[in-house]
Amino acid sequence: MRFLTAGESHGPQLTLIIDDVPAGIPLTAADINQDLQRRQVGYGRGGRMQIETDAATITSGVRCGKTTGGPIALTIPNKDFAKWTDIMAPDADPDKARDKRFIRPRPGHADLAGYYKYDLDDLRDALERASARETAARVAAGGIAKALLNGLGIQVASHVTALGPWQLDITQHPNPNTQATWDAWTNTIEGNDCRIAGTQADVDSLHALIDTVRTEGNTLGGTVEVMTTPLPPGLGSYAQWDRKLDGQLAQAVMSVQAVKAVAIGRGDDGATLSGKDFHDPIVPTGNGQLARTRNHAGGLEAGVTNGMPLLLTATMKPIATLRTALPSVNLDTGEAEAAHFERADVTAVPACGVVCEAMVALTLARAVMDTFGRDTLGDIQAAHAHHLARCQPAPTGWN
Ligand SMILES: Cc1cc2nc3c(=O)[nH]c(=O)nc-3n(C[C@H](O)[C@H](O)[C@H](O)COP(=O)(O)O)c2cc1C
């Protein structure tokens, strides 16, 4: 299941082509649009999200509500294009575009990198493609991967675990070891615009924090945790470096705009624990099953799933476009000048969680297909059931 995205932030539309999708997966645009809308929410986002109401139009690979086995193509229009046509249309007047060019690179964004790499005369070419607007197409691809995973009873969710100085109280960290606790946990997260599993007081204090930072012309980063329901044991492999699922997940999530660290389980602070306190004891439950007393491994040992839920944390750096602009240079004159500013998010950590979910779902869908087959959902379900029957004693999650 590989995919390509195309499109500029203020161009006419985003385009996705996703190939190697098994046949027979129930799929409608509505399934995809749900996640597109979740990507748009989040306290601290800029005005752009009020303009867009992202919705996908599927143009191939789905018939009568089911995937056909052919490549799926879809588009997501950019409503904002209407205001940018004069400089963003493929046949826009180059003189007009040149009048509006920008040449003061923003530290932390793609501007200077694009200038050196592609010999740009207008840094907008870098901004437009590097922008996280592209993540809408990734989220659409993730929706298709989630539809396959749902066919095996696997669900993927995410929540914000830190935002600037705020950190989730660890006692409120969910352990969704039953469907009821999973549902309660995800309802709490999706029920607030910071996408946290905290209290209303936490949400209020985050709103106040973001408002203050906005007034200062500054921005915030944070961390998100992606969590799944228990995964079938045996996805991934330790037999070769590039088949290790932890490595594949890290690459996929690290590729998300502004993500600068990826940790599996307690991978980020594990160095502070001894082996006795880090590793997850294996406890036979006496009824042909086994449990773990915790999930510090985050569901992966040796790059292979161990039957536990996946826990993956991604760290997002603060947004690079600052209203109180950082020192930069005018690339025409070589003189010191403040960096370019244009409408931006104060923070996008809640949305980043939805994007990371998509990248995790796509990586897991590939691992599922490597293990259980690629042609039809029915074949994959049969192989999955056979595999679970032979995995004895069966892992039951953590308590
Ligand atoms: C959901 C989301 C929204 C983002 N919104 C902005 C934004 O409004 N302004 C900005 O400068 N960067 C934003 N970013 C981050 C930039 O796209 C990113 O920093 C830039 O492409 C450079 O890539 P790098 O940070 O991975 O090095 C956002 C990232 C994500 C995931």
Side-chain angles (χ1 to χ4, degrees), residues 5 7-10 14 35-52 54 76 78 80 102 104-118 120 123-142 158-160 162-164 193-195 210 213-214 217-226 250-262 312-326 328 338-360 362:
T5 70
E8 278 76 38
S9 181
H10 300 96
L14 298 164
D35 274 355
L36 288 179
Q37 277 140 33
R38 289 174 63 235
R39 193 199 73 96
Q40 291 199 258
V41 300
Y43 201 80
R45 302 228 51 197
R48 177 77 187 267
M49 287 305 116
Q50 266 102 61
I51 297 167
E52 304 295 343
D54 288 338
I76 305 165
N78 288 325
D80 209 16
F102 87 87
R104 290 171 291 122
R106 295 161 298 166
H109 216 295
D111 313 339
L112 193 57
Y115 174 76
Y116 287 132
K117 184 163 178 64
Y118 295 114
L120 301 181
L123 303 183
R124 178 154 303 285
D125 285 341
L127 175 156
E128 289 290 333
R129 182 57 191 156
S131 155
R133 177 76 191 138
E134 184 262 355
T135 62
R138 297 196 199 204
V139 167
S158 69
H159 63 134
V160 173
L163 212 160
D193 61 7
C194 297
R195 305 198 61 251
I210 293 166
V213 170
R214 179 187 285 113
N218 209 344
T219 61
L220 289 170
T223 61
V224 295
E225 182 180 61
V226 180
Q251 199 276 324
V253 176
M254 185 69 97
S255 77
V256 174
Q257 288 83 339
V259 169
K260 295 297 145 203
V262 180
L312 178 147
T313 297
T315 303
M316 184 186 195
K317 74 184 187 186
I319 297 290
T321 307
L322 302 180
R323 194 175 289 280
T324 310
L326 285 169
S328 184
H340 171 79
F341 174 78
E342 72 183 48
R343 185 184 53 199
D345 300 325
V346 175
T347 189
V349 183
C352 184
V354 180
V355 181
C356 291
E357 270 176 43
M359 296 311 291
V360 165
L362 284 154

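Both ligands and their constituent atoms are indexed starting at 1 by order of listing.
Ligand 1 lies less than 4.0 angstrom from a heavy atom belonging to Ala320.
At least one side-chain heavy atom of Glu357 sits under 4.5 Å from a side-chain heavy atom of Arg38. Residues Pro105 and Leu123 have side chains in contact (heavy-atom distance under 4.5 Å, counting atoms from C-beta outward). Side-chain contact between Val224 and Arg195: absent, with no pair of heavy atoms (C-beta onward) separated by less than 4.5 Å. Between Cys352 and Val259 there is a side-chain heavy-atom pair separated by less than 4.5 Å. Between Cys356 and Met316 the shortest side-chain heavy-atom distance does not fall below 4.5 Å. The shortest side-chain heavy-atom distance between Thr315 and Lys260 does not fall under the 4.5 Å cut-off.
Under a 4.0 Å criterion applied to the non-hydrogen atoms of Ala351, ligand 1 contributes the atoms 1 (C). When each atom of ligand 1 is checked for a heavy atom of Ala344 under 4.0 Å away, the hits are 8 (O), 9 (N). Distances below 4.0 Å separate heavy atoms of Thr321 from the following atoms of ligand 1: 9 (N), 10 (C), 11 (O). Close contacts of ligand 1 with Ala130, meaning ligand atoms under 4.0 Å from a residue heavy atom, involve 17 (O), 21 (O). Applying the 4.0 Å criterion to heavy atoms of Ala132 picks out, from ligand 1, the atoms 2 (C), 3 (C), 4 (C), 17 (O), 28 (C), 29 (C), 30 (C).
Between the side chains of Thr321 and Arg106, at least one donor N or O sits under 3.5 Å from an acceptor N or O. A donor atom on one side chain and an acceptor atom on the other are not found under 3.5 Å apart for Thr5 and Arg138.
The residue among Thr347, Asp345, Leu127 with a heavy atom at the shortest distance from atom 5 (N) of ligand 1 is Asp345. Here atom 15 (C) of ligand 1 lies nearest to Ala258 when heavy atoms of Ala126, Ala348, Gly353, Ala258 are compared.
Between Val259 and ligand 1, no N or O atom pair is found at a separation short of 3.5 Å. In terms of polar-atom proximity, Lys317 is counted as a contact of ligand 1, with an N or O under 3.5 Å from an N or O of the ligand. The shortest N/O to N/O separation between Lys260 and ligand 1 falls below 3.5 Å. Taking any N or O of Arg343, backbone or side chain, none lies under 3.5 Å from an N or O belonging to ligand 1.
Taking both residues in full, the closest heavy atoms of Ala338 and Ser328 are given as C-CB, 4.1 Å, listed atom of the first, atom of the second, then distance. Scanning all heavy atoms of the two residues, the minimum distance from Val354 to Asp35 falls at CG1-O, 3.8 Å.
Closest to atom 22 (C) of ligand 1 among all protein heavy atoms lies Gly108 O, 3.8 Å. Atom 14 (N) of ligand 1 has Ile319 CD1, 3.7 Å as its closest protein atom, hydrogens excluded (heavy atom only). For atom 16 (C) of ligand 1, the closest heavy atom belonging to the protein is His109 NE2, 3.7 Å. Closest to atom 17 (O) of ligand 1 among all protein heavy atoms lies Gln257 CB, 3.4 Å.
The part of Arg45 lying near ligand 1 is the side chain, judged by heavy-atom distances below 4.0 Å.
For Asp80 (side chain) and Ser9 (main-chain N/O), no donor-acceptor pair under 3.5 Å exists by modelled atom type.
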